[in-house]
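As structure tokens, the structure follows; a few thoughts come after it.
Hydrogens, waters and symmetry mates are skipped; everything else that's a heavy atom, side chains included, is used. From a predicted model like this one, the values you see are computed outputs, not experimental measurements.
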Amino acid sequence: MLADELDYVIGVDTHLDQHVLAIVVAPSGGMVAQQSVRASARGYAQAVRFADQHARGARVWSVEGTGHYGAGLARHLSHQGETVLEAGRGPRDERRLRGKNDPLDAVRAARAALASEKLVLPRTGQRREALRLLLVARRGAAEVRRRTLVQLRSVIVTAPPIGFAGSWRRCPSGVCSNAAATSAARAPVPSTSWP
């Protein structure tokens, strides 16, 4: 178990602009110190100095959102030789009942790492990042395609029944054939040139 091998766990609740750190003593789970740092290179260096002051000994960082807001911090810590674990967010119902509180979330991240049977390393690396970027681009392209098809269908459905636009519509068989025959008899023949 993690508590038997370490002296401290530093839990981090990550956000866009700042991260909240909580240092927890491994055997007991008691909190030693807390601090907020900016989500920047200077803030990451400040986080390491804070850990050096209050958590000397064997330690590990339990960071929430290592694939999102905590990605920069996780990379910085890995380059500094620190051990970084990915903290799970826990069950949604539990979070809803206990409320949202950044300092408490940092402590929960540290205690969750202490209680976990299986340690989860952050998903980082150049290949992982390249795959993530490809998946983001693919999702974006699929969404653009979907929106374009919906828009095109809307244009076709709302088009007036003159010319060739009426033949693109999909209607029940008897209704469209009768309406097409009636409108074709009354409608002028469309020209082949566009206005």
Side-chain angles (χ1 to χ4, degrees), residues 1-140:
M1 195 166 194
L2 190 63
D4 300 333
E5 300 173 20
L6 297 172
D7 298 323
Y8 300 96
V9 176
I10 302 150
V12 184
D13 183 40
T14 60
H15 296 281
L16 176 64
D17 297 326
Q18 73 172 8
H19 303 322
V20 179
L21 311 171
I23 298 176
V24 172
V25 178
S28 66
M31 188 184 63
V32 174
Q34 278 190 325
Q35 183 178 9
S36 293
V37 297
R38 298 205 45 78
S40 64
R42 183 178 286 170
Y44 303 153
Q46 183 182 357
V48 173
R49 285 193 304 273
F50 174 71
D52 287 339
Q53 289 174 348
H54 298 285
R56 291 189 177 156
R59 67 184 182 208
V60 68
W61 296 72
S62 178
V63 181
E64 284 186 350
T66 57
H68 196 62
Y69 290 139
L73 177 64
R75 272 193 303 271
H76 179 82
L77 292 172
S78 294
H79 289 304
Q80 296 293 320
E82 299 281 344
T83 304
V84 180
L85 302 176
E86 186 169 357
R89 291 179 50 190
R92 186 179 296 260
D93 294 336
E94 182 180 321
R95 291 193 320 264
R96 190 179 302 129
L97 290 174
R98 293 186 181 178
K100 179 71 179 129
N101 183 322
D102 297 340
L104 284 178
D105 286 345
V107 172
R108 286 183 197 138
R111 289 181 180 157
L114 284 174
S116 67
E117 293 290 324
K118 183 180 175 189
L119 303 178
V120 181
L121 297 175
R123 295 167 282 188
T124 59
Q126 291 179 345
R127 287 185 177 190
R128 178 68 183 200
E129 183 64 15
L131 179 62
R132 186 185 72 82
L133 292 175
L134 283 173
L135 289 174
V136 165
R138 183 178 186 272
R139 272 187 236 119

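Nearest heavy atoms, S78 versus V84: OG-CG2, 4.1 Å. In plain terms, the two heavy atoms of I10 and A110 that are nearest each other are C-CB, 4.4 Å. Among all heavy-atom pairs drawn from D13 and H15, the shortest one is OD2-NE2, 2.9 Å. The two residues S62 and V9 come nearest to each other via the heavy atoms CB-CG1, 4.1 Å. Shortest non-hydrogen contact noted between R59 and T83 is O-CB, 4.4 Å.
Applying the salt bridge (Lys or Arg N to Asp or Glu O under 4.0 Å) test to D17 and every residue at least two apart in sequence or in another chain returns nothing. R111 pairs by the side-chain hydrogen bond (donor to acceptor under 3.5 Å, both in side chains) definition with nothing, not counting sequence neighbours. Taking the side-chain contact (heavy atoms from CB on, under 4.5 Å) definition, one finds that L135 meets it with L131, R139, sequence neighbours left out.
Within the structure, ring-ring contact (aromatic ring centres under 6.0 Å, His included) pairs that include any residue of residues 51-70 comprise F50-H54 (at least two apart or interchain).
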Give the table of side-chain donor-acceptor pairs shorter than 3.5 Å for residues 32-49, with sequence neighbours excluded, one pair per line with atom names and distance.
residue: Q34; atom: NE2; partner: P103; partner atom: O; Å: 2.9
residue: S40; atom: OG; partner: G43; partner atom: N; Å: 3.3

Give the table of side-chain donor-acceptor pairs shorter than 3.5 Å for residues 22-29, with sequence neighbours excluded, one pair per line with atom names and distance.
residue: S28; atom: OG; partner: G30; partner atom: N; Å: 3.2

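Here the straight-line distance linking atom CG of L21 with atom CG of D102 works out to 11.5 Å at 0.5 Å rounding.
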* Under the side-chain contact (heavy atoms from CB on, under 4.5 Å) criterion, do V63 and T14 qualify, and how do the steps go? -> CA-CA 7 Å; V63 181; T14 60; 3.8 Å; yes
